Each structure stands twice: as structure tokens, then as C-alpha cells.
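These notes concern the structure reproduced below.
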Amino acid sequence: MIAVTKIDQIETTILDIPTIRGHVLSMATMRTQTAVLVTIRFSDGSQGIGEGTTIGGLSYGAESPESIQSAIETYIAPNLIGRDGDNVNGAIQLIDKLVKGNRIAKTAVETALWDGLGKRLGVPVSQLFGGAVHDRLPVAWTLASGHSETDIAEALEMIETGRHNIFKLKIGKRDVRADVAHVARIKTAVGDRASVRVDVNTAWSLQDARWGLRGLQEAGCELVEQPVAARCRAGMAELARGYEIAVMADEALNGPEDAVEVACDRAADVFAVKVAQSGGLKRAAEVVAIGQAAGLGLYAGTMLETGLGTAAALHLFATVETLQWGTELFGPLLLTEDILATPIGYRDFCVEIPRGPGNGIALDPDKIDFFRRDRGRTVTAVAGA
Ligand code: MUC
Ligand code: MG
């Protein structure tokens with residue numbers, strides 16, 4: 001009889017880590033990033049770790065760090081304890097049946113399961129998804145200090161040091177014409193040495209967006225991310241049809257079902273595929289497949305995860321044949337401290353895919369102790385269950 005590796009224990013830990021500068025988004029200014037870490041212990045002594053992270057508390061989406069933790073502790077973990085840890089698909093299907101929404105909470109648990117399975121098999125997570133076809137990927141940086149001059153200085157330094165030559169500017173907080181002028185100043189300063197994109201995080205009305213897209217494309221900006229509300233698919237389709245600048249869906253994409261609707265409505269030229277927003281690596285792979293089949297461009301998005309969630313995402317995106325718009329998997333670089341024992345490599349305008357079993361990374365226990373909000377909370381197998 002083959003011994004089953006059971007899920008014994010699931011522990012969640014909230015970390016609050018300061019950012020290197022204020023990160024000004026249309027809906028919030030981030031000075032701290034909060035990550036929910038999940039550690040799963042299996043009956044053979046192995047472990048898997050995962051991360052569920054959102055942006056700006058509840059200002060970005062419906063899940064908060066605290067709701068992610070409580071969804072895992074109250075509704076997900078008790079249903080997984082005692083189950084086969086090697087059957088990740090079985091766990092995903094069970095949790096999808098029992099828990100609606102809560103995609104980020106599901107992501108944290110699912111990525112820990114893949115990490116555990118990869119470690120037990122001695123293979124990287126990318127191999128569980130069919131194998132990596134890249135060992136590094138282009139990586140954008142987000143300019144979001146709130147000031148054009150500071151952003152320009154930051155961009156020029158990134159170009160000089162070979163860190164980034166793709167910049168995403170966070171706009172939508174100011175008047176649309178002031179935002180266009182800000183983007184034009186930065187594009188003029190970087191010239192042909194870098195490409196410039198913007199993320200409006202849903203802040204514009206359709207009317208604002210018409211002005212905005214015209215001005216942005218004249219300024220040499222190549223892509224606009226989620227200019228209008230997530231539910232405004234008809235507006236996104238009008239903008240995608242009406243202007244040369246590429247229109248990318250982000251907040252509109254919560255998993256494969258949304259991906260089908262956005263693709264059918266031609267409500268974007270590009271998908272920003274976020275693992276957390278998709279509901280995990282498997283669902284993100286499905287969003288990728290839908291985008292590919294619909295002939296859309298692909299971009300690997302981020303919820304500004306620490307090195308842990310970033311590594312998990314890198315393993316999936318390393319398996320994707322073409323990411324026409326690259327990645328923005330720079331999350332660890334926005335934090336004052338890296339929580340990994342060995343940080344992910346960023347050089348030559350690229351991010352390197354970590355090597356080794358599972359996610360190919362290890363946490364630095366001192367950093368975890370330092371940044372944890374409170375003591376780890378644990379759901380353990382009940383004797384006899
Ligand atoms: C978003 O909306 O894409 C990604 C990069 C960044 O700076 O913020 C995020 C969120
Ligand atoms: Mg976005």
C-alpha cells in the first residue's frame with residue numbers, strides 16, 4: 001500500500017513590512033506592505049510555504065490581510081487537515097466548492113501545497129506546471145512617489161544601474177490632464193532608453209479615459225492598465241478599439257471566468273495575470289491559456305508580494321511561452337527588508353527564476369520573527385480525525 005502524505009497542520013502569520021518610500025496609488029498610499037504567510041506541515045515531516053497578499057488594505061479589493069487569515073483559519077484549513085497533501089487538484093476542487101471568492105486566501109494555501117509537493121519530489125514548482133522555458137524574465141518597476149522629479153531621478157538611476165528599463169507609472173489620483181503632463185515629463189526624461197506604461201487602478205470615468213488615452217499615446221506611453229471600473233467592460237472595449245495605445249485588464253480579471261468574458265467582449269488588448277487575483281497558480285495558468293487562445297498579450301502582474309509569493313509566481317510564468325509585455329514581479333524590491341535567506345536575483349533588466357525544489361527559496365527566520373504582527377496561529381489535526 002502506498003503511504004499517503006497527509007496535511008497535518010496549517011499555520012498563518014501576518015507580516016507588516018515597511019516600504020522603501022510612500023507608494024502612491026489612486027486609491028491609497030502604501031507605507032507598509034502586509035503579507036499573509038502560510039506554512040503547511042505534512043505527515044512525512046515536509047513543509048510547504050505560501051503567501052497571500054493584497055494592496056492597500058481594503059482599498060484595492062474585497063480581501064484584506066485579516067480576512068485572508070480568517071478565511072484560511074476558519075474555513076479552509078479545517079477542511080484540508082488530514083487530507084492527501086500530494087493531491088493539490090483535489091484540495092483546490094474541495095476548497096472551491098466550500099469557499100466562494102476569497103481568491104487570495106486560496107492562493108496562499110495552494111501555493112504552499114505546490115511548494116510542499118515540489119520539495120517532496122525534489123523538483124521546482126515550474127516542473128509541476130510542465131517545465132520552465134525561461135530562466136529569467138524582463139521586469140518593470142513602478143514609479144509612484146507622487147512627484148514627477150522624484151520619479152525621474154528614480155527612473156534614471158534604475159536605467160543606469162541596469163535594474164529596470166520598463167516603468168509603470170501609477171496615476172489616477174490627480175486631474176486627468178495633470179496626470180498626462182506628469183507621464184509626458186517622465187517619458188521625455190527617459191527617452192528611448194525605457195518604455196513607459198501607466199496604471200489608473202480604475203480611477204477614471206469613461207469620459208476622463210477618452211481624454212487620458214489620447215493624451216497618453218501622444219506622450220509616447222505604450223499601455224494603459226485598467227483605466228475604468230472593473231465592471232465597465234463595454235467602456236474598456238470602446239477604449240481598446242478606439243486608440244492605438246494598448247489597454248490592459250487588471251482589476252477586471254478575477255480568475256478564468258472573468259478572463260473568458262473580457263476576452264469575448266474584446267475588453268482588453270492585454271491580460272495582467274496576477275496569481276493572487278486569479279485564485280492561485282492553477283487558475284492563473286488557466287487565465288494565461290484563455291488569453292493565449294484569444295490572441296491577447298500577456299503580462300505577469302503582482303500584488304507586491306514578498307520574495308515568497310514572487311518566487312511562486314516566477315515558477316508559473318517561467319513556463320509561459322511568450323509574455324509580450326514582460327513582468328512586474330519586483331515586489332521584494334519595494335520592501336525595506338527581504339524576508340528570504342537568499343534574495344531573488346534582479347540584474348540586466350530581468351528577474352531570475354529561483355532554482356531548487358519547490359519555490360526554490362528559503363525564509364530568513366529572524367526577519368519573519370521581526371516583522372510578524374503577532375505570534376503564529378495554528379490549526380492542527382484533531383486526534384483520531
Ligand atoms: C496593480 O494594480 O497592478 C502592481 C504594481 C504596483 O506598483 O502596484 C501593483 C498593483
Ligand atoms: Mg494594476
Side-chain angles (χ1 to χ4, degrees), residues 17 19-35 51-63 103-104 107 137-146 150-151 154-155 158 163-164 166-173 179 183 186 196-204 209 212 216 221 223-230 232 236 239 246-254 258 262 267-278 284 287 297-306 309-310 313-314 317 323 325-335 346 351:
I17 310 174
T19 56
I20 54 172
R21 56 154 165 73
H23 202 57
V24 184
L25 318 176
S26 65
M27 65 293 180
T29 296
M30 297 171 60
R31 300 192 187 282
T32 303
Q33 178 57 312
T34 300
E51 175 177 349
T53 292
T54 186
I55 303 160
L58 277 172
S59 64
Y60 175 88
E63 288 179 270
R103 292 178 188 277
I104 307 179
T107 296
L137 290 165
V139 61
W141 174 253
T142 297
L143 299 170
S145 72
T150 313
D151 285 356
E154 204 172 287
M158 298 291 180
R163 257 250 319 253
H164 306 275
I166 306 169
F167 298 109
K168 171 161 136 175
L169 279 48
K170 287 290 192 177
I171 61 169
K173 201 177 161 142
D179 266 339
V183 176
I186 294 177
V196 167
R197 302 137 183 214
V198 298
D199 189 356
V200 190
N201 282 116
T202 73
W204 285 344
L216 288 170
C221 174
L223 173 144
V224 57
E225 180 172 340
Q226 201 67 54
V228 295
C232 186
M236 289 282 282
L239 297 169
V247 173
M248 181 155 80
D250 175 8
E251 282 88 336
L253 279 182
N254 289 280
D258 281 352
V262 172
D269 302 302
V270 185
F271 278 177
V273 186
K274 288 180 170 171
V275 171
Q277 216 160 268
S278 301
V287 173
L298 293 173
Y299 179 67
T302 181
M303 291 291 244
L304 301 173
E305 286 93 350
T306 70
T310 301
L314 284 169
F317 291 113
L323 290 164
W325 295 85
T327 81
E328 58 177 17
L329 296 169
F330 68 85
L333 302 175
L334 191 66
L335 307 177
Y346 290 88
V351 52

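Computed from a prediction, not measured in an experiment: that's the story for all the values here. Just so you know, ligand 1 is whichever comes first in the structure, and atom 1 is the first atom listed for that ligand.
Between Q226 and ligand 1 there is no heavy-atom distance shorter than 4.0 Å.
Here the angle centred on the Mg ion (ligand 2), running from OD2 of D199 over to OD2 of D250, is 180°, rounded to 10°.
Considering backbone and side-chain atoms alike, D199 places an N or O below 3.5 Å from some N or O of ligand 1. Distances between N or O atoms of K168 and those of ligand 1 include at least one value under 3.5 Å.
Of all protein heavy atoms, the one lying nearest to atom 9 (C) of ligand 1 is K170 NZ, 3.6 Å. At the top of the distance list for atom 10 (C) of ligand 1, counting protein heavy atoms only, stands I55 CD1, 3.2 Å. The nearest heavy-atom contact from the protein to atom 5 (C) of ligand 1 is T142 OG1, 3.5 Å. With respect to atom 4 (C) of ligand 1, the closest heavy atom belonging to the protein is E328 OE2, 3.3 Å. In terms of protein heavy-atom proximity, atom 2 (O) of ligand 1 is closest to N201 ND2, 2.8 Å.
Distance check: E251 CD to Q226 CD gives 5.0 Å after rounding to the nearest 0.5 Å. Note that CG of L334 and NE2 of H23 are 5.0 Å apart. Values are rounded to the nearest 0.5 Å. Taking CG of D269 as the reference point, atom CG of L223 lies at 8.0 Å (rounded to 0.5 Å).
Under 4.0 Å from ligand 1, not a single heavy atom of L334 appears.
Here the N, O or S atom of E225 that is nearest to the Mg ion (ligand 2) is OE2.
Looking only at side-chain heavy atoms (C-beta outward), V262 and M236 stay at 4.5 Å or farther from each other. Contact check for I171 versus W204: side-chain heavy atoms found under the 4.5 Å cut-off. At a threshold of 4.5 Å between non-hydrogen side-chain atoms, the residues K173 and T29 count as touching.
H164 and F330 have perpendicular rings, their planes meeting at more than 60° on a 0 to 90° scale where under 30° would count as parallel.
For the pair E305 (side chain) and G331 (backbone), a donor-acceptor distance under 3.5 Å is absent.
Listed by atom number, the atoms of ligand 1 under 4.0 Å from F330 heavy atoms are 7 (O). Every atom of ligand 1 is numbered from 1 in the order shown, and the set under 4.0 Å from a heavy atom of D250 is 1 (C), 2 (O), 3 (O). Contact atoms of ligand 1 toward E225: 3 (O) (distance under 4.0 Å to a heavy atom of the residue). Interface of H23 with ligand 1, defined as ligand atoms under 4.0 Å from a residue heavy atom, comprises 6 (C), 7 (O). Distances below 4.0 Å separate heavy atoms of Y60 from the following atoms of ligand 1: 2 (O).
Each of D250, T54, N201, T202 was checked for a side chain to side chain donor-acceptor pair (under 3.5 Å) with Y60, and the lone residue meeting it is D250.
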| task | Carefully, step by step, assess S145 and E154 under the rule side-chain hydrogen bond (donor to acceptor under 3.5 Å, both in side chains). | result | CA-CA 9 Å; S145 72; E154 204 172 287; 5.5 Å; no
